**Student:** 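I have a structure here, written as structure tokens, and I will follow up with some questions on it.
Letters A, B, ... mirror the listed sequences (proteins, then strands); counts begin at 1. This structure is a prediction, so every number in the text was calculated from the model and none was measured.
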Amino acid sequence: MSQKYPEYKGLNLPNVAERVLKNWEENRIFQKSIDTREGNPPFIFTEGPPSANGMPGIHHAMARSIKDIFCRYKTLKGYQVKRKAGWDTHGLPVELKVEKELGITKEDIGTKISIEDYNKACRESVMRYTDEWNKLTEKMGYWVNMDDPYITYESKYMESVWWLLGQIYNKDLMYKGYTIQPYSPKAGTGLSSHEINQPGAYQDVKDTTCVAQFKLKAGEQVPFENANLDLVHFLAWTTTPWTLPSNTALTVGPKIDYVLVKSWNQYTHEPIEVILAKNLVAKQFAKKYKVVESADELVYTKGDKKIPYQVIGECKGTDLEGIKYEQLLDYCQPYEDADKAFVVIPGDFVTTEDGTGIVHTAPTFGADDAMVAKAAGVPPMLILDENETPVPLVDLQGRFRKELNDPTFGLGGEYVKAEYLEGDEAEEELTIQREKLKDIIADLKAYMSVDDRITLKLKIENKAFKIEKYEHSYPHCWRTDKPILYYPLDSWFIKVAENRERLVELNNTINWQPKSTGEGRFGEWLKNANDWNLSRSRYWGIPIPIWTSEDGTEQICISSVEELKAEAQKAVDAGIMDANPLAGFEVGNMSQENYDQVDLHKNYVDQITLVSPTGKPMTREADLIDVWFDSGSVPYAQHHYPFENKELIDDRKGFPSDFIAEGVDQTRGWFYTQHVIAALVFDSVAYKNVMSNGLVLDKFGKKMSKRLGNAVEPFGNLATYGADATRWYMVTNAQPWDNLKFNEDGITEVQRKFFGTLYNTYSFFGLYASIDNFTYSEDEIAINERPEIDRWILSKLNTLIGAVDGSFEAFEPTKAGRLIQAFVNDELSNWYVRLCRRRFWKGDYTTDKISAYQTLYRCLETVAILSSPIAPFYTDELFQDLNSVTGRHQVESVHLADFPKVNEAEIDLDLEEKMGIAQKVSSMVLSLRQGAKLKVRQPLQKIMVPILDGDFARRLEDVKHIVLSETNIKEIDMLEDTEGILVKKIKPNFKTIGPKYGKQMKAIAAMVGQWTSADISSVEANNGWKGELNGEAIELELTDFDIVTDDIPGWLVASEGRMTVALDITLNDELKSEGIARELVSRIQNYRKDSGLEVMDRIQLTFDTNEVVKSAIETNQEYIKAEVLAEGIVFENLEASNHLLADLEEGNTVIGLAKV
RNA sequence: GUGCUAGUAGCUUAGUUGGUUAAAGUCUUUGCCUGAUAAGCAAAGGAGCGGAGGUUCGAGUCCUUCCUAGCACACCA
């Protein structure tokens, strides 16, 4: 044990972090923080897996700081907090990156490159930045066990996922459906709703939209009396004209009013009669049209400025149901039930906010469309391909099928969205189009999209009522950035919708931080949860473990490697497979080697054909499981549950999580999928407390992005400022769930204000404690034997412990940090240490001095522990530096210590109140001095303070010595009887009078404002006021008024709140000479310092000065000698150039100083 | 478009159940103190609380509406 407290040349937080990190490694402190809590209750934390195929950013540091804070806090509180790191390894981002690197597309997989090689490439790519992640984790001081991470591509992990899915399958919560889903032709995959909801997925695009005219079928009737049936058309709007060939129905709202309007087509000028929603008439007949009242005015010839229109009939949507119309674009017919197509059907989702109130319905490309069409028995536009398989009119690459070939307009084989064209394809298409369209457009300048050509065709054929560009937001594939299509796909679904209620119920038991995210955002989302589309038609992921016979009648869902091996063996026995690829797997052997010899990825399991009970071969369903299911499985799969660690989950020893935290942008999916899996499989919550932290924006509040170059690079930041300052800044500057405007100036401020002050306080303590050999070896001085100031700071300290504990407990790290910071700056450094300085460096090693050391030591030690969850590095050094001398704690790191307990006996609220008065009065006196330009060094005779009440007098009496020394005043006068001395001021107390005489408030205030000193005295004498105001009797008590002293005539006065202080600024000779002495002491102290003297060096003083100063020196000789540690003082002539020259009292004083 | 969150001095934030003159820090200017000194104290400057209405004796706090930002949601034709 050392006798000296370590000293440093200055505070360099990055260096501190280096030293502490080394210490942690050498002494395995993290491991010890878990081991020493063995047998204690666990605090279950689950780490959300990041993907290591990208570099970590500063926002990761943010999210990880939050996690770390609570894990460290709970460790201090005695919990055992295991935290297993993990990696998310599957998914489209990895695949797309690999495709790019290999220069291939999805179609090449399985042909140009084997799935096996492809998956190998993915496996190698996905862990590429693992080292950077590990480095960040270490540098920022995030404690998580990285030696044994769970990795989602490992066989054990995948086996657990299969097991979970098997549970869901066996509970009959899965089904295979044919639904319209967001589909990205360029990525070649369907997208989950999570993916559509990636930031930036919805983009504003300008599309060609079209209000098409669907002609009434010959022989049909309409519910309008004087309609010309040859001219009647339904108007329907679409933003995707490419879906018009797939139209098979028009949907109307049954309750909506529709009208028949007579007019002319603006492009062909042919007469038309159109049906649309009543309250959309004005919108559709804008600009070129004008309404007319009578049939007489309903005349039009081509070239007229405006086209007249008139409403000639009205009906309800119901009346239109069942009416047939002519197919708009007759390239194809539905392969079945074609006779039931092209009919008006009802739909509740129809609104009259946009369009025409009649919805163009293409069941193959719209989810609602499919639903209403199915309900009405209208077929989708599916045709049979060369294999006699029903297919939609657009292929999986996003191109029209060849059946749509139009001699003039092309279409067949072309991409339905121009955005899908790559490179020169647009140019090539343009050449073809120029040739084909030359009769219509003489000189085509630019490539015409499919939408543009379809609308052009409709225009020519009198089938387009209006064609416009329209800007709206449309979902885009989050990876390829191309627009998605809604497309019919085969998929596996988990039945989430029918379990919504239970999901909501369970969510209500979760403590969300902030509350609003859980109740509002997440809760609302659960209430409207749709079935979870699990299928992904990709390669690198966990395969759906379902094998089906070719006719679809028999099926098995595999839940383990053991089961797969057994089923494969059956197939071998039945002669369906030659050999069992899992023969080498030893059932029940949980060793890594055993599991390493199996691979459950697609390339491997697709080789396996199983046999059904009736002997039919069964092959695996081609799709993979949505990667969000991987991460939602973490709580179980990280432990290889239920194959290993069964008790962790079953006995609830490691589940549900006590705490999880992730960024709000990234993690909606993770919060959700964990919740769904836990609810469906275990009927439990997955986590009890959850914090969603906000985004890290740049200092202007803009989102950070590499493209804008405003992203903060985390490594450089940590190296410059140190992890402690960055962490402290991030946590204390804004609530974690608010977005953080990341400004490096803020970190500098934290460095200076908090860590600088804390460091200074420690240095101050260390300096003197080392000199005095304070090692905390004396008995703890009883609290009632300590001076007031010590008891005060200890009271504050105990209050702080309670408040910080409560804040951490309530998952409010910002509050905790701010409280600590306020304590260190305002209470400890700027009041306690400042007032107590002399106690540390003056005089003998007395009880008072020991009390001061003990008190300051405890403050520093406690602050170190309290702050350690947020700033793990510096606080550990501080703690260890203190503990290395005193050995008070048997632990080698602050992170192994126990969280301090509140000692209620040390809390003295009355004392805290007193000190508040002392601070207030001192501040007021200093302010008065400032105003009078009287330096604090100049002593003054007295101040007067009017006494407000008995408590105030007692309190002020107790702390008056502090006020006097702080402000350099000789005495304090408490004025009890203030009549005639003080000028008083009275104000009504709105808070108490308001509820009683609300309406009269203004009148009362006005009246009170007029009162004179005499009136105030009378109110005081009568203990209140009674009277009548505006005819109402009013009775006010003394407490309904605030009476404050305002002024003392002839004195320098300051008032704040109810307190008033008056300062006597007259100077006599004695005060003057003392002022001179103090001034000299200050100069000599600086001179000592400049001369390089040690604090304890003793000196001999020589003065060459005038009479005034000389007499002041003589008068205060003992004081000066004691202050500057002078043995003696002599007066003789001195050469100014070799000594200190001071300008005092209108003359020069030369000061000589010699070390003795 | 809908929902959630936020909008308070140049900047970062605090403002409890509505109660008199809106609070800190930072910043700028000025003065001071100091054997903790890249700190500290004091004074001055700077907002009327995103805008507009309303409820109330009284609104930064409650209500309505609009605007801005971020996030989430959306099948929107």
**Student:** Reading RNA chain B from 5' onward, which residue's closest nucleotide shows up sooner: A:R818 or A:N760?
**Tutor:**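 So the residue in question is A:R818.
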**Student:** Suppose you measure atom P in B:rC73 against the same atom in B:rU55; what distance do you get, rounded to whole Å?
**Tutor:**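 Going atom to atom, P in each nucleotide, I get 40 Å.
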**Student:** Parallel, tilted or perpendicular for A:W532 and A:Y672, by the 30°/60° rule?
**Tutor:**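 A:W532 and A:Y672: tilted rings.
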**Student:** Any donor-acceptor pair under 3.5 Å joining the side chain of A:S829 to the base of B:rA36?
**Tutor:**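 Looking at the base of B:rA36, it does pair with a donor or acceptor on the side chain of A:S829 (distance under 3.5 Å).
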**Student:** Hey, does A:V350 have a side-chain heavy atom less than 4.5 Å from the side chain of A:V252?
**Tutor:**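 Result no, sub-4.5 Å side-chain heavy-atom pair not found.
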**Student:** Counting side-chain heavy atoms from CB outward, which of B:rA77, B:rU5, B:rA14 is closest to A:D738?
**Tutor:**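 Taking heavy atoms from C-beta onward, the closest nucleotide is B:rU5.
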**Student:** In whole angstroms, how far is the P atom of B:rG3 from the CG atom of A:L526?
**Tutor:**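 Going from CG in A:L526 over to P in B:rG3 covers 19 Å.
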**Student:** Taking only the C1' atom of each, what is the distance from B:rA22 to B:rC67 in whole angstrom?
**Tutor:**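 Each nucleotide's C1' atom is 24 Å from the other's.
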**Student:** Could you write out RNA chain B as dot-bracket? Rules: Watson-Crick or G-U wobble, both distances under 3.5 Å, brackets [ ] for crossings, | for pairs with another strand, dot for unpaired.
**Tutor:** (((((((..((((.....[...))))((((((.......))))))....(((((..]....))))))))))))....
**Student:** In this structure, how many angstroms lie between the C1' atom of B:rA72 and the CZ atom of A:F671, rounded?
**Tutor:**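 Taking CZ of A:F671 and C1' of B:rA72, I get 13 Å after rounding.
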**Student:** Can you check the A:E812 CD to B:rU13 C1' distance for me, whole Å?
**Tutor:**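 Computing the A:E812:CD to B:rU13:C1' distance gives 15 Å.
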**Student:** For nucleotides B:rC33 and B:rA43, find the distance between their P atoms and express it as a whole number of Å.
**Tutor:**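 Here B:rC33 and B:rA43 have their P atoms 16 Å from each other.
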**Student:** Once you round it to whole Å, what is the distance between P of B:rU8 and NZ of A:K741?
**Tutor:**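 To the nearest whole Å, that distance equals 8 Å.
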**Student:** Describe the nucleic acid contact of A:T239 in one word from base, sugar-phosphate, nothing, applying a heavy-atom distance below 4.0 Å.
**Tutor:**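 Answer is sugar-phosphate: A:T239 comes under 4.0 Å of backbone atoms only.
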**Student:** Please state the C1' separation for the pair B:rG60 and B:rA44 - nearest whole angstrom.
**Tutor:**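 That atom pair is separated by 26 Å.
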**Student:** Would you kindly give the OH-to-P distance between A:Y729 and B:rU12, to the nearest whole Å?
**Tutor:**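 Distance, rounded to whole Å: 9 Å.
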**Student:** State which residues pass side chain to side chain donor-acceptor pair (under 3.5 Å) with A:W512; sequence neighbours excluded, sorted by chain then number.
**Tutor:**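 A:W512: side chain to side chain donor-acceptor pair (under 3.5 Å) contacts with A:N507.
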**Student:** Under 3.5 Å, side chain of A:T248 to main-chain N/O of A:P380, donor-acceptor pair present?
**Tutor:**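 Here the side-chain-to-backbone pair does not exist.
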**Student:** Pairs under 3.5 angstrom, nitrogen or oxygen only, protein versus nucleotides 26-29 of chain B, please.
**Tutor:**
{"from": "B:rU26", "atom 1": "OP1", "to": "A:K753", "atom 2": "NZ", "distance (Å)": "3.0"}

